[in-house]
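A short write-up of the structure that comes next.
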Amino acid sequence: MTAPPQRLLIVLWSCGPDRPGGAALVAAPLVYALAARALDVEVELHFAASTVRWLLDNAAAKATTDAAGSKTVLDFLVECRTAGVKMYACAMALAEHRRAGAVLRPEPDGIAGAATVVGATLEPGVRSLVF
């Protein structure tokens with residue numbers, strides 16, 4: 001019998017604020033992160049490519065995830081943080097998308113790139129999802 005995963009890495013890649021409907025698209029991986037935490041799985045969100053912009057200049061605070069406008073991307077990020085989800089920004093993505101003076105909000109737990117994700121997924125008990 002295979003042991004259940006103890007750690008889940010969710011890579012946010014194709015659901016950035018530059019995509020049409022990006023806020024609705026990013027809601028899915030954030031819901032998955034919350035569901036995994038409810039199952040006591042350690043969860044990390046890795047913001048790659050343009051998704052790192054959800055952490056910059058309050059883009060997440062301005063973007064609603066549903067037609068009713070009842071919840072913003074920032075609401076989900078705060079909920080994830082409260083649930084114990086760790087967040088990491090990709091160094092290459094920050095270099096590409098961060099402008100002088102841009103503030104990271106919420107502050108990520110660290111900077112981590114492709115090598116970190118690949119290395120972690122090779123460890124026993126780790127699974128990954130890419131959105």
Side-chain angles (χ1 to χ4, degrees):
M1 187 163 163
T2 305
Q6 299 142 0
R7 187 168 155 213
L8 176 64
L9 276 65
I10 299 177
V11 179
L12 292 89
W13 170 70
S14 65
C15 49
D18 57 331
R19 286 228 23 209
L25 293 172
V26 78
L30 301 177
V31 168
Y32 277 64
L34 291 167
R37 283 300 302 139
L39 296 170
D40 292 324
V41 175
E42 182 182 336
V43 178
E44 297 177 9
L45 292 172
H46 288 261
F47 294 82
S50 69
T51 68
V52 76
R53 290 176 49 202
W54 289 125
L55 302 175
L56 295 170
D57 294 326
N58 296 320
K62 299 172 188 170
T64 57
T65 60
D66 61 356
S70 63
K71 200 165 193 174
T72 66
V73 174
L74 182 60
D75 292 333
F76 270 114
L77 293 175
V78 168
E79 193 174 344
C80 284
R81 171 75 77 206
T82 301
V85 173
K86 294 181 180 171
M87 299 178 197
Y88 296 92
C90 171
M92 287 177 56
L94 279 176
E96 177 68 22
H97 296 282
R98 189 175 192 182
R99 304 295 174 249
V103 176
L104 288 164
R105 180 177 171 230
E107 183 72 28
D109 293 288
I111 306 299
T116 301
V117 172
V118 171
T121 59
L122 296 174
E123 296 173 12
V126 179
R127 302 292 185 270
S128 62
L129 297 171
V130 179
F131 288 85

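Residues: numbered from 1 along the sequence shown.
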(request) Evaluate whether atom CZ of Arg105 has more than 12 neighbouring non-hydrogen atoms of other residues, nucleotides or ligands under 6.0 angstrom away. (result) no
(message) Testing the basics here: between Thr51 and Leu12, what is the closest heavy-atom pair and its distance to 0.1 Å?
(response) OG1-O, 2.7 Å
(message) Hydrophobic clusters here meaning ILVMFWY residues chained together by side-chain heavy-atom distances under 4.5 Å, can you tell me if Val43 and Val11 are in one?
(response) no
(request) Mark yes or no for whether Arg19, through its side chain, and Ser14, through its backbone, hold a donor-acceptor pair below 3.5 Å. (result) yes
(message) Classify the ring geometry of His46 against Tyr88: parallel below 30°, tilted from 30° to 60°, perpendicular beyond 60°.
(response) parallel
(request) Check whether any side-chain N or O of Arg37 sits under 3.5 Å from a backbone N or O of Ala83 as a donor-acceptor pair, and report yes or no. (result) yes
(message) On a heavy-atom basis, which atom in Ala48 and which in Ala93 lie closest, and how many Å separate them?
(response) C-CB, 4.1 Å
(request) Mind running side-chain contact (heavy atoms from CB on, under 4.5 Å) on Phe47 and Leu94 for me, showing each step along the way? (result) CA-CA 9 Å; Phe47 294 82; Leu94 279 176; over 6 Å; no
(request) Evaluate the side-chain contact (heavy atoms from CB on, under 4.5 Å) criterion for residues Leu45 and Leu30: first the C-alpha distance (whole Å), next the side-chain angles of each, then the deciding distance (0.1 Å), finally the verdict. (result) CA-CA 8 Å; Leu45 292 172; Leu30 301 177; 3.6 Å; yes
(message) Please give me the minimum heavy-atom distance between Phe131 and Cys15, naming the atom from each residue.
(response) O-SG, 4.0 Å
(request) Evaluate whether atom OH of Tyr32 has more than 12 neighbouring non-hydrogen atoms of other residues, nucleotides or ligands under 6.0 angstrom away. (result) no
(request) Taking the side chain as every heavy atom from C-beta outward, state whether Leu9 and Thr116 have any pair of such atoms under 4.5 Å apart. (result) no
(request) Report yes if the side chains of Ile10 and Ser128 come closer than 4.5 Å at any heavy-atom pair, otherwise no. (result) no
(request) Give, for atom CD of Glu44 and atom SG of Cys80, the distance between the pair rounded to the nearest 0.5 Å. (result) 13.0 Å
(message) Tell me whether Lys86 at atom NZ has more than 12 heavy atoms from other residues, nucleotides or ligands lying less than 6.0 Å away.
(response) no
(request) Output, in order, the C-alpha distance, side-chain angles, deciding distance and verdict of side-chain contact (heavy atoms from CB on, under 4.5 Å) for Leu74 and Asn58. (result) CA-CA 8 Å; Leu74 182 60; Asn58 296 320; 5.5 Å; no
(request) Could you tell me whether the side chain of Pro29 reaches within less than 4.5 Å of the side chain of Val130, counting heavy atoms only? (result) no
(message) For a side-chain contact (heavy atoms from CB on, under 4.5 Å) check, start with the C-alpha distance between Leu104 and Leu56, then their side-chain angles and the critical distance, and finish with the verdict.
(response) CA-CA 5 Å; Leu104 288 164; Leu56 295 170; 3.3 Å; yes
(message) Main chain of Glu107, side chain of Arg81: is a donor-acceptor contact present, judged purely on distance under 3.5 Å?
(response) yes
(message) Give me the atom names and distance for the closest heavy-atom approach of Thr65 to Thr72.
(response) CG2-C, 4.0 Å
